[in-house]
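All values below were derived from every heavy atom in this structure, side-chain atoms included, with hydrogens, water molecules and symmetry-related copies excluded. Throughout, numbering of the chain's residues begins at 1 and tracks the sequence.
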Amino acid sequence: MSPKDSDSEDAITKEEIAGTAPVPANGTAAGISQGTKRNAFAELMAPKPKALKEDPKPLSSTRAPLTRSFRDRDGLGAYTHDPASFPTSRVIYYDDNFVAINDMWPKSTVHTLLLPRSPRSRLHPFDAFEDPAFLASVQAETAKLKRLVAKELQRRYGKYSAQDKVRESILNGETEWEGDELPEGRDWESELLVGIHAHPSMNDLHVHVLAPDMVSECMRHRKHYNSFNTPFLIDVADFPLAKDDPRRHPGKAGFLNSDLRCWRCGENFGNRFKQLKEHLAEEFKEWKKESE
């Protein structure tokens, strides 16, 4: 198979793999804003895990050696190789061990990726996460990115949410507040989708951290939706996986071909993707307003 071709277990299209899919007209709208990104600097001041200098042991799932072409399935390697060469609208933050970016083809209103800068990132996640130190470092950095994405959701949608009503009124100067800290308000972090795909389409290990709404012009196919709303998406907190975990065999389980079910209300749309998209737009409005 050509590196740019997609197979039946890929969660993205061959155009997305090749980097030729249409980019959203307002691509930055689905990313972390500049205001929220300032919080990343505080996160970066926290102690870092020691860099993993040893090369990973050869494994059957190791991908082809990384080339500097960064084409097709190796496209994400460009970000870890030289994150400073990309605009701040794409790269959220980076350090010696990780790069966080806004997804080029977001599947929700906020969709980010965490990219480890480690030799183990060239392994399939099932094998890469067998290393306890590497897994712990990815889990810790994922937790930081989750907090940042949650802050972005609160910045965007807090004004609509009943749970953030008091907090928003204080920020707007409508309510006096004597406490040292603002009320926390809605727990946006607990609502995020987080994890790796059981069958990654790109060769460099990447963790998705995104809003659950699934509202995006890049949400175009059944497999796009099901890759985030079935066990095809595996939370990094679930690793290491048991050897008999069915998520190790996504093709056999048929996750991507499952019926389309609304992530919020559970309604089954079968294979009616257009109707699901229309329904998701309405659910998005209600989700923003949730009171509990």
Side-chain angles (χ1 to χ4, degrees), residues 6-17 21-27 29-31 102-113 149-150 152-153 156-157 160-163 186-202 206-235 238 245-292:
S6 62
D7 63 40
S8 61
E9 293 185 48
D10 278 328
I12 59 178
T13 65
K14 64 181 181 181
E15 290 79 16
E16 288 171 314
I17 292 171
V23 176
N26 188 3
N102 292 313
D103 197 300
M104 184 173 291
W105 293 286
K107 302 307 186 289
S108 281
T109 56
V110 179
H111 187 170
T112 67
L113 301 178
V149 173
E152 176 66 17
L153 293 182
R156 292 188 185 202
Y157 308 133
Y160 304 109
S161 177
Q163 296 178 64
R186 182 168 171 176
D187 185 7
W188 295 95
E189 186 175 328
S190 68
E191 303 180 47
L192 299 176
L193 294 175
V194 180
I196 58 95
H197 281 153
H199 177 85
S201 299
M202 305 299 282
H206 54 287
V207 181
H208 297 268
V209 181
L210 66 161
D213 54 81
M214 301 288 108
V215 173
S216 169
E217 63 180 275
C218 296
M219 177 63 67
R220 299 188 177 103
H221 301 281
R222 180 180 188 166
K223 63 183 180 180
H224 283 160
Y225 184 82
N226 278 340
S227 70
F228 292 105
N229 291 279
T230 68
F232 191 87
L233 182 72
I234 308 175
D235 196 324
D238 292 351
D245 193 307
R247 292 174 293 181
R248 288 182 176 271
H249 307 285
K252 182 178 180 181
F255 298 132
L256 295 183
N257 293 319
S258 300
D259 283 356
L260 295 165
R261 294 180 180 273
C262 174
W263 66 271
R264 188 165 181 265
C265 73
E267 182 176 348
N268 190 334
F269 286 83
N271 63 358
R272 294 174 293 136
F273 185 74
K274 180 180 179 181
Q275 286 79 4
L276 172 67
K277 287 268 290 184
E278 295 170 351
H279 176 80
L280 291 176
E282 294 303 314
E283 287 285 24
F284 178 48
K285 298 175 185 177
E286 296 303 314
W287 170 70
K288 289 188 293 184
K289 297 187 293 185
E290 280 185 2
S291 59
E292 58 181 41

Acceptor/donor pairs from residues 247-254 side chains to any protein atom, 3.5 angstrom cut, sequence neighbours excluded:
residue: R247; atom: NE; partner: D245; partner atom: OD1; Å: 3.0
residue: R247; atom: NE; partner: D245; partner atom: OD2; Å: 3.4
residue: R247; atom: NH1; partner: D238; partner atom: OD2; Å: 2.9
residue: R247; atom: NH2; partner: D245; partner atom: OD2; Å: 2.8
residue: R248; atom: NE; partner: A242; partner atom: O; Å: 2.9
residue: R248; atom: NH2; partner: L241; partner atom: O; Å: 3.1

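- Qualifying ring pair (Phe, Tyr, Trp, His ring centres under 6.0 Å) partners for F232, counting only residues two or more places apart in sequence or in other chains: H197.
- For residues 256-266, every residue pair satisfying the side chain to side chain donor-acceptor pair (under 3.5 Å) rule, not counting sequence neighbours, is listed here: D259-N268, R264-E283, R264-E290.
- Looking at E16 and K223, no side-chain N of the basic residue comes within less than 4.0 Å of a carboxylate O on the acidic one, giving no salt bridge.
- The shortest side-chain heavy-atom distance between D213 and L280 does not fall under the 4.5 Å cut-off.
- Residues passing the side chain to side chain donor-acceptor pair (under 3.5 Å) test with T230, sequence neighbours excluded: none.
- Taking E282 as the reference, K285 meet the salt bridge (charged side-chain N to carboxylate O under 4.0 Å, His left out) condition, with sequence neighbours excluded.
- Proximity of a side-chain donor or acceptor of K107 to a complementary backbone N or O of R220 within less than 3.5 Å is not detected.
- Taking CG of L233 as the start and CD1 of I196 as the end, the distance is 7.5 Å to the nearest 0.5 Å.
- Residues meeting the salt bridge (charged side-chain N to carboxylate O under 4.0 Å, His left out) test with E286, sequence neighbours left out: K289.
- Note: F284 and Y160 fail the aromatic proximity criterion, with ring centroids not under 6.0 Å apart.
- Not counting sequence neighbours, the partners of H206 by the ring pair (Phe, Tyr, Trp, His ring centres under 6.0 Å) test are H208.
- In this structure, the side-chain contact (heavy atoms from CB on, under 4.5 Å) partners of V194, at least two apart in sequence or on a different chain, are T142, K146, L192, V207, V209, D235.
- Screening residues 266-275 for salt bridge (Lys or Arg N to Asp or Glu O under 4.0 Å) gives no qualifying pairs among residues at least two apart or on separate chains.
- The shortest non-hydrogen separation linking N271 to R222 is CB-NH1, 3.5 Å.
- With sequence neighbours excluded, the residues satisfying ring pair (Phe, Tyr, Trp, His ring centres under 6.0 Å) with F269 are H279.
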